[in-house]
Amino acid sequence: PDPTLRLVETALDRDLFGADVDAAPEKPEARLVEIAAKLDRAQVEEIIAALEITRPDAAKKLRENLFAFEDVALLSQRERMLLFDRAPTEQVIVALKGTSDEFRDAVLSAMAARSRRMVEAELRNADQVADKDVVAARAAIERIVVQMIAEGAAQRPGAGEAAA
């Protein structure tokens, strides 16, 4: 397994960190964030821990560009409106299961009153949703926001504060 592991490691190193510029035209950090967005939090933390040993700058950039579901409340009103345009309402309902009232209010404040009432009513009946479905819905919303950030339709929370 060691030679195989080294081959995989070399290929990832080349593809993710730009040893072969033609093979990786986009920023390596963007590729890492895209990959991390598809993994669960524990896996991402393992990757960051490994990167901190071998590539501390890459680990720092990855950590700075990650987006967690809990950060949805930190998006601007406009960004949350765009998110709700892209995310299916059912997915939002499932993702909000088990969150605090404060978090829900902050997140749903970007919705039209009628849509908000509908989501709140559905949330009251969301007790039958499995935890794995909640995790999947939150991950899907995280991916949508990461995509919005990549497109320039949203800023990573806290990024605008440095510019302001």
Side-chain angles (χ1 to χ4, degrees), residues 8 12 15-16 24 26-52 55 58-164:
V8 171
L12 284 172
D15 290 346
L16 293 176
E26 55 192 294
K27 292 182 180 179
E29 298 83 23
R31 294 188 71 188
L32 282 172
V33 170
E34 184 180 321
I35 292 166
K38 295 176 182 172
L39 302 173
D40 68 40
R41 282 282 158 220
Q43 291 171 319
V44 172
E45 288 303 322
E46 283 182 42
I47 290 169
I48 290 173
L51 280 174
E52 284 174 340
R55 296 186 178 273
K60 181 182 177 195
K61 287 178 184 177
L62 178 58
R63 192 174 296 282
E64 288 173 353
N65 288 295
L66 287 177
F67 182 86
F69 178 74
E70 295 76 22
D71 295 335
V72 169
L74 302 176
L75 295 173
S76 72
Q77 186 88 350
R78 180 190 67 78
E79 292 166 339
R80 278 182 274 138
M81 288 172 61
L82 289 171
L83 171 61
F84 294 136
D85 284 345
R86 294 183 184 198
T89 304
E90 299 79 26
Q91 193 173 60
V92 173
I93 292 166
V94 172
L96 287 173
K97 180 190 175 223
T99 58
S100 71
D101 290 339
E102 286 176 345
F103 181 81
R104 286 181 192 172
D105 288 343
V107 170
L108 296 178
S109 67
M111 288 187 137
R114 184 176 181 187
S115 297
R116 181 180 174 150
R117 283 192 303 270
M118 183 188 79
V119 169
E120 289 171 337
E122 289 293 326
L123 279 169
R124 285 190 286 276
N125 299 324
D127 294 335
Q128 305 301 325
V129 178
D131 288 343
K132 69 179 179 107
D133 294 333
V134 172
V135 170
R138 289 178 181 178
I141 288 175
E142 290 169 357
R143 285 191 297 275
I144 292 170
V145 175
V146 167
Q147 182 64 39
M148 288 171 54
I149 291 168
E151 294 170 356
Q155 283 190 335
R156 184 181 42 82
E161 294 167 8

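These numbers come from a predicted model, not from an experiment.
- Taking the side chain as every heavy atom from C-beta outward, Gln155 and Leu75 never approach each other to under 4.5 Å.
- Glu120 is listed as a side-chain neighbour of Leu108, based on a closest heavy-atom distance under 4.5 Å.
- Residues Phe84 and Val119 fail the side-chain proximity criterion, which asks for heavy atoms closer than 4.5 Å.
- Here the closest heavy-atom approach between residue Ile48 and residue Ala59 is recorded as O-CB, 3.8 Å.
- Salt bridge present: Glu151 and Arg86 bring a charged side-chain N and a carboxylate O closer than 4.0 Å.
- Of all heavy-atom pairs spanning Asp133 and Val94, the tightest one is O-CG1, 3.4 Å.
- For the pair Glu45 and Arg63, the minimum side-chain heavy-atom distance is below 4.5 Å.
- Counting non-hydrogen atoms of other residues, nucleotides and ligands closer than 6.0 Å to CD of Gln77 gives a total above 12.
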**Study point:** Trace of the side-chain contact (heavy atoms from CB on, under 4.5 Å) decision for Asp71 with Val145
**Key:** CA-CA 10 Å; Asp71 295 335; Val145 175; over 6 Å; no

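- Atom CG of residue Asp85 and atom CE of residue Met111 lie 9.5 Å apart, to the nearest 0.5 angstrom.
- Formation of a donor-acceptor pair under 3.5 Å by the Gln91 side chain with backbone atoms of Ala137 is not found in this model.
- Nearest approach of Glu79 to Ala153, heavy atoms of both residues: CG-O, 3.9 Å.
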Practice item. Show your reasoning for whether side-chain contact (heavy atoms from CB on, under 4.5 Å) applies to Ser109 and Arg80. Key: CA-CA 9 Å; Ser109 67; Arg80 278 182 274 138; 2.8 Å; yes

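- A distance of 10.5 Å separates CG in Leu83 from OG in Ser76, rounded to the nearest 0.5 Å.
- With rounding to the nearest 0.5 angstrom, the NZ atom of Lys97 is 5.0 Å from the CG atom of Asp131.
- In this structure, the side chains of Leu96 and Val134 stay at 4.5 Å or more apart for every pair of heavy atoms.
- Residues Met118 and Thr89 have side chains in contact (heavy-atom distance under 4.5 Å, counting atoms from C-beta outward).
- Taken from CZ in Phe67 to CD in Gln147, the straight-line distance is 13.5 Å, to the nearest 0.5 Å.
- When side chains are defined from C-beta on, Arg138 counts as touching Thr99, because their heavy atoms get closer than 4.5 Å.
- In this structure, the side chains of Arg116 and Asp105 come closer than 4.5 Å at one or more pairs of heavy atoms.
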